Amino acid sequence: MKLTRQFFNRKTTKVARALLGKFLVRKIGDKILSGLIVETEAYQGFADKASHAHKGKTERNAVMFGPSGFSYIYLIYGMYNCFNITTEKENYPAAVLIRAVQPVQGLELIKKFRGTNKLENLCSGPGKFCQAFNLDRDLSGLDLTKSKKLWLEDRGFLVKPSQIKKAKRVGVDYAGLYKDKLWRFYLKDNKFVSKK
DNA sequence: CTCTGGATTAGCT
DNA sequence: GCTAATCCAGAGC
């Protein structure tokens with residue numbers, strides 16, 4: 001079943017945890033790509049120095065201030081894209097970054113987009129995942145509860161709380177007090193996460 | 001295996 | 001002008 005607004009309209013860390021084991025589905029023409037989410041990170045509020053919303057609302061980050069369940073995709077390091085899903089109520093800027101996915105459907109197309117065949121190297125990082133699923137900034141601001149190109153599904157994959165590991169977020173050493181927050185979540189022993 | 005530097009550009013100061 | 005929610009190739013061990 002497709003994830004609805006109320007799934008995303010909760011505390012960001014809760015959504016980040018709940019997204020593990022859910023499926024991200026992408027439709028390109030008549031082809032379906034999908035993957036099991038295995039790694040996420042939470043970015044929330046005004047005080048979080050690692051968040052784009054920390055300095056207030058801008059043209060780029062405006063969607064983070066909107067309703068939950070929308071895509072926020074931005075260019076990082078001049079070369080890669082990062083895909084996020086907005087969370088929480090309107091005017092509270094927050095989102096969950098999808099860091100890694102276990103590819104399930106559409107392997108052929110995913111391999112083509114990535115230019116590699118090694119399974120564990122297809123979607124094991126936020127930039128890799130966007131490349132694999134052909135996500136770019138054109139798809140930012142989509143309502144993921146309504147879109148026909150991109151949405152999330154619960155397919156009954158069960159994740160026990162004991163299978164969820166917490167860690168510091170990656171690449172945010174500049175974020176002062178917030179750099180050590182344990183707002184990264186991933187599935188224990190899953191070989192598709194971005195780091196071991 | 002680990003470590004390091006370069007690629008490349010929008011967005012903010 | 002500076003630098004980032006990253007990735008990869010190449011060097012060294």
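Numbered from 1 within each chain, the chains take letters A, B, ... in sequence-line order. From a predicted model like this one, the values you see are computed outputs, not experimental measurements.
One atom, NE2 of A:His52, and another, P of B:dG11, lie 10 Å apart when rounded to the nearest Å. Rounded to whole Å, the distance from NZ on A:Lys179 to C1' on C:dA4 is 17 Å. For the pair A:Asn61 CG and B:dA10 P, the computed distance is 17 Å after rounding to whole Å. In this structure, A:Tyr72 places its OH atom 11 Å from C1' of B:dA10, rounding to the nearest Å. Atom CD in A:Glu120 sits roughly 16 Å away from atom P in C:dC7 (whole-Å rounding). Residue A:Asn84 contributes atom CG, which lies 14 Å from atom C1' of C:dT6 at whole-angstrom precision. What separates NE2 of A:His54 from P of B:dC12 is a distance of 13 Å, to the nearest Å. With rounding to whole Å, A:Lys57 atom NZ is found 18 Å from B:dC12 atom C1'.
A:Thr58 has a side-chain polar atom (N or O) that falls below the 4.0 Å cut-off from OP1 or OP2 of B:dC12. Between C:dC7 and A:Arg114, no contact under 4.0 Å exists linking OP1 or OP2 to a side-chain N or O.
Taking every side-chain heavy atom of A:Leu75 into account, B:dT9 is the closest of B:dT9, C:dT6, C:dC7. If you check C:dT6, B:dT13, B:dA10 against the side chain of A:Lys55, the one that comes closest is B:dT13. Closest approach to the A:Arg60 side chain among B:dC12, C:dC7, C:dT6 is made by B:dC12 (side chain taken as heavy atoms from C-beta onward).
Pair assignment for B:dT8: none, as no Watson-Crick or G-U wobble contacts are both less than 3.5 Å.
Using cut-offs of 30° and 60° for the angle between ring planes, the A:Tyr178 and A:Trp183 rings count as tilted.
Ion pair A:Asp143/A:Arg5 flagged as a salt bridge, since at least one NZ, NE, NH1 or NH2 atom sits closer than 4.0 Å to an Asp/Glu carboxylate oxygen. The pair A:Arg169-A:Asp48 meets the salt-bridge criterion, with a side-chain N (NZ, NE, NH1 or NH2) lying under 4.0 Å from an Asp/Glu carboxylate O. Under a 4.0 Å N-O distance rule, the pair A:Lys168/A:Asp180 qualifies as a salt bridge.
Interatomic distance, A:Thr40 OG1 to A:Lys22 NZ, rounded to the nearest 0.5 Å: 11.0 Å. Taken from CZ in A:Arg26 to CG in A:Asn134, the straight-line distance is 5.5 Å, to the nearest 0.5 Å.
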Check residues 92-104 of chain A and write down every donor-acceptor pair under 3.5 Å in which the side-chain atom is one partner and the other belongs to a residue at least two apart or another chain.
unit_1: A:Arg99; atom_1: NE; unit_2: A:Glu39; atom_2: OE2; d: 2.9
unit_1: A:Arg99; atom_1: NH2; unit_2: A:Ser194; atom_2: OG; d: 3.1
unit_1: A:Gln102; atom_1: OE1; unit_2: A:Asn190; atom_2: ND2; d: 3.1

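Base engagement by A:Gly78 is indicated by at least one non-hydrogen atom pair under 4.0 Å involving a base atom. The residue A:Leu97 sits close to a base: some heavy atom pair falls under 4.0 Å.
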Please tabulate the protein-to-nucleotide N/O contacts below 3.5 Å involving nucleotides 3-7 of chain B, giving atom names and distances.
none

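Heavy-atom distances to DNA chain C give each of A:Val172 and A:Gln131 a nearest nucleotide, and the one nearer the 5′ end belongs to A:Val172.
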